[in-house]
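First the proteins, then the strands, lettered A, B, ... as listed; each starts at 1.
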There are 2 protein chains.
Amino acid sequence: SSSGGFRALDCEAVKHYVAARPGLQQRVGPADSVESWSVREVGDGNINFVFIVEGPAGSLCVKQALPYVRCVGESWPLTQDRVRIESSALVEEAACCPDHVPAVYLYDKDMAIIAMRYLAPPFLILRRGLVAGAVYPRLAEHLAAFLAGTLFHTSLIKLDSTTFRQKVAQYENNEMCRLTEQVIFTEPYTAAKNNRWTSPQLDADVAELQSDVAARVAASELKGLFCGRPQALLHGDLHTGSIMVTDTETSVIDPEFAFYGPMAFDVGKILANLLLAYFASDGLEGAPGERDAQRAWLLSCFRDTWTGFAAAFSRLWSEHGSSGDLYPAGLTGPGAPCGGEVLAACQASFLAQLFHETVQFMGAFVIRRLVGIAHVADMDSISDADVRATCERRALRFGRRLLVEGSRGGLASIETLAEAAAAARAAST
Amino acid sequence: SSSGGFRALDCEAVKHYVAARPGLQQRVGPADSVESWSVREVGDGNINFVFIVEGPAGSLCVKQALPYVRCVGESWPLTQDRVRIESSALVEEAACCPDHVPAVYLYDKDMAIIAMRYLAPPFLILRRGLVAGAVYPRLAEHLAAFLAGTLFHTSLIKLDSTTFRQKVAQYENNEMCRLTEQVIFTEPYTAAKNNRWTSPQLDADVAELQSDVAARVAASELKGLFCGRPQALLHGDLHTGSIMVTDTETSVIDPEFAFYGPMAFDVGKILANLLLAYFASDGLEGAPGERDAQRAWLLSCFRDTWTGFAAAFSRLWSEHGSSGDLYPAGLTGPGAPCGGEVLAACQASFLAQLFHETVQFMGAFVIRRLVGIAHVADMDSISDADVRATCERRALRFGRRLLVEGSRGGLASIETLAEAAAAARAAST
Ligand SMILES: Nc1ncnc2c1ncn2[C@@H]1O[C@H](COP(=O)(O)OP(=O)(O)O)[C@@H](O)[C@H]1O
Ligand SMILES: Nc1ncnc2c1ncn2[C@@H]1O[C@H](COP(=O)(O)OP(=O)(O)O)[C@@H](O)[C@H]1O
Ligand SMILES: [Mg+2]
Ligand SMILES: [Mg+2]
Ligand SMILES: [Mg+2]
Ligand SMILES: [Mg+2]
Ligand SMILES: [Mg+2]
């Protein structure tokens, strides 16, 4: 079936699709080798189809979006415009951070297809590596570079306001944003039928959350920021399932939720997913203490991602900030009266606010993965429901504290936050 | 000269323009009366041309935008798309507050013309009435209704997020916003050649402002809010020169700067202009104390505008808030657990934040009218430069305090703010 030339592809059709486009075909193999190519569907996400094509000359990855949510079916329609967003965002992110984004080979609007570099093994989805117990010594450094580069270069600190407004309009991503509003900021705090949790173990915890006035006020404020704070081009879905890693490389995929929003959303999402891995680790180890080293690394990765991000962002700002309209050279440049002092004060104020919002978003992201529609493999891989519930309860309580307190109440720095996470993990529940 | 059918009209051409359009012509007089019609150009604003057409059946107002800034000339080009914005905003505001917005009769894109109701005398521009010493007992009530109605009904508290995003995109007003960024948030804090002030009296004050680190940091933060906080459809230029009044009526004109921005921008702008009238009053009275009654009224109008706005906004929210996506019924409605408590807490938190931002914007608006490119007749009408400088210095210092302290440091309520304004006016400088 087709509309405007669109049709859903299977493995065989993908092969012919690639073979018919010389720019793609050459990457896989000569025309007379097509019959020997292999094509596999590997999509493990909830939303789209992902095919890997391999041949004698090389490989590529073909991602196709159907006009609905894959894991639900045609009853949950979803705009294919998300492919335009994803391909534009991949290109824009690559301009900021070429080392951490797969190259795009082709965007086909009618077919809702992106062809891109195949991140072949040993590349692995980060979440799977974490569940298996691995550590990635360069991850924090790479995440910090990706966050700082993409968020800074698309912000008004770097851009003039005309370009900034054009980009905000270009990345309007209404349907995908509505999905986030619903499943992250609304449903977990209401009796929504999409919600699920480890039951009956967490029934009382969930009831408590859903009658928690402060938590619901804070979640509403975050939804307001999400919808009403275009600050930078966000990835929009930066969890550990959107990151592929090797021991030495890090590549961020799947920005179909990209839009102009609050920087704290991206920063908080990846930090929250590191915390979820941390709280799950007790349930995933064979013997108590087996994963102590991974846990220590997860906590330092959590800390170093923020610290490295803040440092890299400030560095970019000091180097390129005067090209943008938010802090022009006449105010913060070396030629302005006390320019250096004003710049330092602007940066300190900006990062303090960003940290505060990041902590709150982090709390919301932890909560939605325990109570809302979409859970994480980190917790779901814990087969004993009682053990899982213990891990989840610790995470849920900590998430609630982050959401409500933000960076107040003894959570004013990333160091105290990491210490508080360790204390929350050690809590008997 | 023309482009795409556009030509600039003079009084004679306006008469023929109206006569040729039956919908307009009938409002002024029968076809055979056209020769007897009178047409005057009354534009006293800086930007556009405004014609009043009167005849035996009635009158109307024709506003035309040339592709540049009127008071500067062709050397400062300005998009005629501002007329689309102005006519859409007038219609949208009228839907919220029909009593406080002139009816639009026609929008002509090609000719960059809006025809609207003529607000005939005794309607007078509010600023002129204030300079003349008048008081308007119902002004605060009307301003509160206009602010609450327009800001609430265009916000995400009232709208679903799809509609909200469509409106944000519809009201993109880049060139007009860039003007605001430049003349309000940047130039007053830098050695820009557009700046002017009462010199030499205020030379030292201006030098102090332009090397004031805290003021420049705060102004940059406000610029960030201005560019990056679509919260409601703003009027965008809500000073006392955009409001026409009689003893019993209030009508808001000239929303060509309308865009989706922070609510505090509109609220702060009108409050700042009331403060400017208050600080100017000493220089405008014939004998000391002559304007005591006007001053007392100005201060209570200042107070009551905020208080009335906050009350009206909360009332609209309680009545219509659950139709919007920001605080849906499932979270804050009567059926939700502790719904009433959550609603009250959300409102309190929202209004506290809005007040804080309003105070800061107020400070920036006071400052730009004393130091930047565009001054106010309130101060300019004080002919003695020393007397004027004294009034301006008091206002400037108070403005700086508002900008930097926001709602902290003893300015936490509208009452303490009004008291602080009175103290600042009484200060020897
Ligand atoms: N460029 C790529 N190289 C290798 N594997 C990929 C690539 N893109 C996606 N994948 C695989 O496909 C899975 C789903 O891709 P993703 O872009 O996350 O789709 P969805 O939008 O459905 O979540 C990923 O988890 C990963 O295993
Ligand atoms: N509808 C109206 N009725 C009566 N007078 C009006 C009307 N609209 C504008 N005017 C007069 O024209 C002047 C300029 O109008 P305005 O819309 O403020 O133009 P500008 O955009 O140039 O500032 C106003 O100050 C007022 O005196
Ligand atoms: Mg994915
Ligand atoms: Mg997701
Ligand atoms: Mg995806
Ligand atoms: Mg005007
Ligand atoms: Mg105007």
Open item on the list: Restricting to non-hydrogen atoms, name the atom on A/Pro230 and the atom on B/Pro230 that form the minimum distance, rounded to 0.1 Å.
Closed with: CD-CD, 3.1 Å
Task: Any donor-acceptor N/O pair, B/Lys223 side chain to A/Tyr327 backbone, under 3.5 Å - done: no
- [ ] May I ask you to decide if A/Leu331's main-chain N or O and B/Arg216's side chain share a donor-acceptor pair within less than 3.5 Å?
- [x]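 Looks like yes, one N/O pair under 3.5 Å.
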Open item on the list: Can you tell me which of A/Leu225, A/Leu343, A/Thr190 forms the most heavy-atom pairs within a distance under 4.5 Å of chain B?
Closed with: A/Thr190
Task: Heavy-atom contact with chain A under 4.5 Å, split by part of B/Gln182 - done: neither
- [ ] Tell me, for B/Asp325 versus chain A, whether the close heavy atoms (under 4.5 Å) come from the side chain, the backbone, both or neither.
- [x] both
Task: Value rounded to 0.5 Å, distance of CD in A/Gln353 from CD in B/Glu221 - done: 8.0 Å
Could you name the residues of [range] that have a heavy atom within less than 4.5 Å of a heavy atom in chain B?
{"range": "residues 202-210 of chain A", "answer": "A/Gln210"}
{"range": "residues 150-161 of chain A", "answer": "A/Leu156, A/Asp160, A/Ser161"}
{"range": "residues 164-173 of chain A", "answer": "A/Phe164, A/Arg165, A/Gln166, A/Glu172"}

Open item on the list: Does anything in residues 256-267 of chain B form a side-chain hydrogen bond (donor to acceptor under 3.5 Å, both in side chains)? List the pairs, not counting sequence neighbours.
Closed with: B/Asn48-B/Glu256, B/Arg82-B/Glu256
Between [options], which has the largest tally of heavy atom pairs under 4.5 Å with chain A?
{"options": "B/Cys227, B/Ala336, B/Ser220, B/Gly224", "answer": "B/Ser220"}
{"options": "B/Thr186, B/Thr162, B/Val217", "answer": "B/Thr162"}
{"options": "B/Gly330, B/Gly228, B/Ala214", "answer": "B/Gly228"}
{"options": "B/Asp212, B/Val342, B/Asn174", "answer": "B/Asn174"}

